[in-house]
Structures are given as structure tokens and as C-alpha cells.
Amino acid sequence: MKDIPPDGIYYYDALVIVAQMLNPNSWQILEERLNPTSPYYDAFPDRATKETAAREIDRAYHNALRFADEWLLERIGRGILVAQTRNPVTGEIVKLHRHASMGDFFTRTTDHMHEARSMRPPIFFERENLDSAVKEIAPPTTGHVKTPEQTRPTERELLEPKAWLDRARKEYPKQRNERPTAYIRRLHGLMQKADNVTKPWKVESTVRVRYYEALKTDQQTVQKKRKSPRTV
């Protein structure tokens, strides 16, 4: 015995169809960018910005499913859609009351929708019933969910090499067991890849000299603070 009749459609599959129809301009983009290897992420300069962009895509995707979920539930409540399930004992098809709590049958939240689909008994609709209901979805000029389609890394502030080095020492601090020579080499490598430095120092020795100059300045600043009289 199959879970649902041949003319039935799982609730989750109906959810995706509605999400696609409510967001015709963004759904395909969202699905493509859910893949972490999508070319979309090549435009981002570092791992942190890529992860931020991926979280935005994931949030937009689940928001789209949430809107679709609300759309389905509202039509069920009005009697436009009829949710059905199968009695696990008798195998009989049972129509759920339109005001029944769907949570009594399965977890509806989008974070667990894939898991919910595999639970028994499944919730489904007749395909003809769903096809009729979704006809009322007028193609919008823009999707319900704003996708970061045009979102690209904002223009980063261009820094002079010395200013870049000062910032890099804060963003990429020296590790506890990292030798100074290794740290300077790491900073030099980061500078060559950076897109926010006006003119990277090509020679590692330049970074070394500027690094020790910065350390000396830091030490002098600390000493001045220690010598300055305390105010009560």
C-alpha cells in the first residue's frame, strides 16, 4: 500500500510548488545559492563574508517556505484546500478537519519539513485540489521574499599599506606559538590577496620593517600611559 494515492501530492511538495509560485523571480536563485560551491560566492573576498552571504540566502529560503506554509494553512482553514492522511491501522483515507491543528499530525516548521515528510502517516492533498487552489496566485512583479540577488560585497575602503597593516594586526592577531617571522610572512601573504589596499608591499622585508616599527610605537604608547599622572 502506497503512502498516498496516485493522484495525491505530499504536503512538503505542495509547499515547494507554492513557494516557487509566490517567488517566481527569486526561487531558482535561492535554490542555486543554497549550494556552498555556487559561483555566486566567488565574488566575496574572504570566508567571513561568504559565510554571511550564505546565512542570508538560507534565511531568505526558509522565509519563502514559511510564507508558503502560511498560504497553505490559510486555504485549508477556508476549506479551499482539503488536507488528507491515511489511517495507519485501517489504511483508510481520512480528510482532516479544516480547523484541525496540523501540529497534531506532523511537524510543519520548515526546518524539519524533510523529516516530517518521512513520518507516518503523511499529510497530502489531491493534485486536482491543489492545482485549482494555486490558480489564484497572480504572478507578482517581485517575489514575496527579497533575495540577495543583487547583493554584492560593498565597496571596501581602500587603505594605504601602513593603515592596512595596522588593521590587519587587529583582525589577524599573532597566535600564541607563532614565531614573528612566520607571522610577518602570513601578513605579507594576506596583503597580496587583499582587495582593499592601494598598493601592496611586494617585498616581505618591507612588511617586516613596518611591523617592528608598529610594535615600537605600541610600546611607546603603553609607556606614556604608564607615566601619565592618574586623575582622581
Side-chain angles (χ1 to χ4, degrees), residues 1-41 51-149:
M1 183 186 299
K2 292 185 177 181
D3 296 333
I4 63 176
D7 61 346
I9 181 170
Y10 285 103
Y11 187 98
Y12 179 77
D13 293 334
L15 183 80
V16 172
I17 290 173
V18 172
Q20 290 172 333
M21 296 184 71
L22 290 176
N23 304 278
N25 301 319
S26 60
W27 184 259
Q28 187 175 357
I29 295 171
L30 290 173
E31 285 194 317
E32 186 269 329
R33 293 178 184 175
L34 283 174
N35 184 349
T37 62
S38 167
Y40 170 69
Y41 298 106
E51 290 178 348
T52 299
R55 285 194 295 270
E56 291 177 356
I57 292 295
D58 186 71
R59 187 181 303 111
Y61 177 79
H62 283 88
N63 282 340
L65 290 181
R66 180 171 57 82
F67 278 119
D69 189 37
E70 293 173 355
W71 190 95
L72 287 172
L73 292 178
E74 196 272 338
R75 271 67 186 176
I76 292 172
R78 287 164 50 192
I80 297 174
L81 276 171
V82 179
Q84 304 181 53
T85 189
R86 186 185 294 278
N87 186 307
V89 178
T90 65
E92 178 187 5
I93 299 296
V94 180
K95 293 182 179 180
L96 303 180
H97 191 278
R98 65 180 184 174
H99 296 305
S101 171
M102 300 296 278
D104 293 341
F105 298 94
F106 73 130
T107 304
R108 243 186 36 258
T109 55
T110 56
D111 286 340
H112 301 89
M113 197 63 75
H114 287 286
E115 177 184 349
R117 178 178 173 177
S118 66
M119 296 175 68
R120 302 294 183 265
I123 304 297
F124 63 90
F125 303 107
E126 291 182 356
R127 287 183 179 272
E128 185 177 355
N129 182 206
L130 179 67
D131 291 343
S132 176
V134 298
K135 287 180 180 179
E136 70 178 71
I137 301 179
T141 54
T142 57
H144 284 67
V145 177
K146 185 178 180 181
T147 176
E149 180 179 1

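These values consider heavy atoms only, across backbone and side chains, with no hydrogens, waters or symmetry-generated copies. Each residue takes its place number in the sequence, starting with 1.
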Legend entry - Straight-line distance of Leu30 CG to Arg59 CZ, nearest 0.5 Å: 12.5 Å
Legend entry - Between Tyr61 and Asn23: side-chain donor-acceptor atoms closer than 3.5 Å: no
Legend entry - Side chain proximity check, Ile4 to Tyr11, heavy atoms < 4.5 angstrom: no
Inset, instruction - Decide yes or no for Ile137 and Trp71: does some side-chain heavy atom of the first lie under 4.5 Å from some side-chain heavy atom of the second? - result: yes
Inset, instruction - Could you walk me through whether Gln28 and Glu32 pass side-chain contact (heavy atoms from CB on, under 4.5 Å), step by step? - result: CA-CA 6 Å; Gln28 187 175 357; Glu32 186 269 329; 5.6 Å; no
Legend entry - Interatomic spacing from CD1 in Ile17 to CG in Asp13 - rounded to 0.5 Å: 6.5 Å
Legend entry - side-chain contact (heavy atoms from CB on, under 4.5 Å) between Ile57 and Tyr41, worked out: CA-CA 11 Å; Ile57 292 295; Tyr41 298 106; 3.7 Å; yes
Legend entry - Spacing of Trp27 atom CH2 and Leu65 atom CG [to the nearest 0.5 Å]: 4.0 Å
Inset, instruction - Nearest 0.5 Å please: distance from the CZ atom of Arg86 over to the CD1 atom of Ile93. - result: 3.5 Å
Legend entry - Shortest non-hydrogen separation from Met21 to Pro24 and the atoms involved: O-CD, 3.4 Å
Inset, instruction - Using a 4.5 Å cut-off on heavy atoms from C-beta on, say whether the side chain of Arg78 contacts that of Arg75. - result: yes
Inset, instruction - Mind checking the CG-OH spacing from Leu15 to Tyr10? Nearest 0.5 Å is all I need. - result: 15.5 Å
Legend entry - From Asp58 atom CG to Arg55 atom CZ, the distance as rounded to the nearest 0.5 Å: 10.0 Å
Legend entry - Shortest non-hydrogen separation from Ala19 to Ala64 and the atoms involved: CB-O, 4.1 Å
Do any side-chain atoms of residues 123-131 form donor-acceptor pairs under 3.5 angstrom with protein atoms, and if so which ones, sequence neighbours left out?
residue	atom	partner	partner atom	Å
Arg127	NE	Gly8	O	3.3
Asn129	OD1	Val82	N	2.8
Asn129	ND2	Ile80	O	2.9

